[in-house]
Number of protein chains: 2
Amino acid sequence: MKPNRKDREADIGSEPRTLDDDPVVQGILKAISHKRLKPGTKLGEDALAKVFATTRIHIRQVLAHLVSRHIVTHFPNRGAFIYRPTIREARDIFSARRMLEAATVSAVVDNLTDDVRHLLKMHIARESGHDRNDRWASLALTADFHILIAELANNTVLLDFAKELMLRTSLAIATFEVPGSPDCSPDAHPGIADMILAGDKAGALAAMHKHLDEIEQRLNLDGAARDPDDIVAIFQDIGIAPLNRGAA
Amino acid sequence: MKPNRKDREADIGSEPRTLDDDPVVQGILKAISHKRLKPGTKLGEDALAKVFATTRIHIRQVLAHLVSRHIVTHFPNRGAFIYRPTIREARDIFSARRMLEAATVSAVVDNLTDDVRHLLKMHIARESGHDRNDRWASLALTADFHILIAELANNTVLLDFAKELMLRTSLAIATFEVPGSPDCSPDAHPGIADMILAGDKAGALAAMHKHLDEIEQRLNLDGAARDPDDIVAIFQDIGIAPLNRGAA
DNA sequence: AGCAATAAGATTGCTTCCAATTTTTAAGCA
DNA sequence: TGCTTAAAAATTGGAAGCAATCTTATTGCT
């Protein structure tokens, strides 16, 4: 008696389908991590369907998927918008990253095979060799470093979490960055990589922790809950103070 | 000039909608964590629509949501099935839990307010006072302990990860448990809670690590990849060896 | 008896259409 | 000029129906 296919999943045959590989999903995620799509912008169904040349139903599925990934918010009868994290969430994201990336770095140091060394050196070489002025290439490469660490930790669950955290970090940065500051100090990555390669676990952990702190401190998370569209605050950020017209 | 509503999300008005609160989603998740729905069982659209007295479209959205949460697998033209983790994934889940719950326990010890103490004591009292013979109530309570720790860590992102890991742990246990062994040794929880309440971080971390190891070692993750429906292996597990009919 | 091919039944996937709500535009009034 | 009200346009949400695929049962053959 072989397993009945009525209520038992298939052993062979067509592969399961996930929306993670979908070109529309990847396009939107790429646009977010490249800062082309900013938090709060509306993702109209018809507009997306036209851009990606697919049906509205497909777009609907994609948006639902992004909603459950915390990348998009859905307001009934109003549509989907790129998610805008709260200050609390932004802090939680960085806190979670400090915790999770400490664990991944630790796992990588404990698992220093030749392949791991090779991949790490390869990435650092790519980072140092790329065009510093190409802002978009820089963004992609700096994110890839953290993803690579998670991959080298050899744990699919942690890798999934890391990818989600990188995306949500992009949203947090795009929401709370003070204009004109760089994203990720690229010089920190070679230092972290060197300590990992040297087997210095404590040093690597400290360097990663400091690196994440630097990124977070470049944001405006000072509790003063302000609207990211607040014109006054935006001009204050670039050094233009409002005039006190009409004050006593 | 106030923010334009055309491509800026609403500040007030109707709340965003998530499928996490959906009664159908919660019903399925509850059935999974209570071991009523086992990995591999098919979730037919019409069947679910009839059970929950809703439309097929709604069920379709729910299933898509569960697919992106790694709870359900979707085979094209064949339907949705409760996800069955691989051995590799089961190990990764426990490994991730050791890392993440170590971090949450540590955060709780660092944040020992009176409220935290109270909630911890309350839960332990509930656990010790419940009916040991009610297997379903036990399952719910033991899962709640780990969720509570994550809540007390005061980080929404970590809480989401913890919830996801608890669900995926349920699937791993249901897939690889050897029949007849208990799920979670309930006696471990009071010990962990006591160490947290005493501020003994190292002790709490060690206890939690040991607790998770015990749960994992109760499973069949010995690399020998076997079909969970394998009749021979199932009877071997309960001590019945196959007869060598026809052997030389 | 056992296995392969075929036809019937059931389920999923998609297209099309229409209702409900919202956003925009226009008009009216203080 | 600025604000409120009302109508029009656009967008989202959902329902019914049909095509495509898979599963199951039946028939026929070795």
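Below, chain A is the first sequence line, B the second, and so on; all start at residue 1.
Using a cut-off of 4.0 Å between Lys/Arg side-chain N and Asp/Glu carboxylate O, B:R97 and B:E216 are scored as not salt-bridged. Taking a cutoff of 4.0 Å between a charged side-chain nitrogen and a carboxylate oxygen, A:R218 and A:E177 do not qualify as a salt bridge. Between A:K50 and A:D46 no salt bridge is recorded (no basic side-chain N to carboxylate O distance below 4.0 Å).
One finds a side-chain N or O of B:H74 lying less than 4.0 angstrom from the OP1 or OP2 phosphate oxygen of C:dG13. At the phosphate of D:dA15, OP1 or OP2 sits under 4.0 Å from a side-chain N or O atom of B:T55. At least one side-chain nitrogen or oxygen of A:R60 sits closer than 4.0 Å to the OP1 or OP2 atom of D:dG13.
Among C:dT12, D:dC22, D:dT12, the nucleotide with an atom closest to any side-chain atom of B:R78 is D:dC22. Here D:dT12 is the nucleotide among D:dG13, D:dT23, D:dT12 with the atom lying nearest to any side-chain atom of A:D46.
For A:R56 against D:dG13, a side-chain-to-base donor-acceptor contact under 3.5 Å is present.
We find that NZ of B:K50 is positioned 11 Å from P of C:dT11, with the value rounded to whole Å. Nucleotide D:dC22 holds its P atom 12 Å from the NZ atom of B:K42, rounded to whole Å. Computed from coordinates, the B:I59 CD1 to C:dG13 P distance equals 14 Å when rounded to whole Å. Taking atom CZ of residue B:F75 and atom P of nucleotide D:dT21, one finds them 18 Å apart after rounding to whole Å.
Between A:H123 and A:F145, the ring planes are tilted. Angles from 30° to 60° get that label.
Comparing A:I57 and A:N77 by the nucleotide of DNA chain C whose heavy atom lies nearest to each, the residue mapping closer to the 5' end is A:I57.
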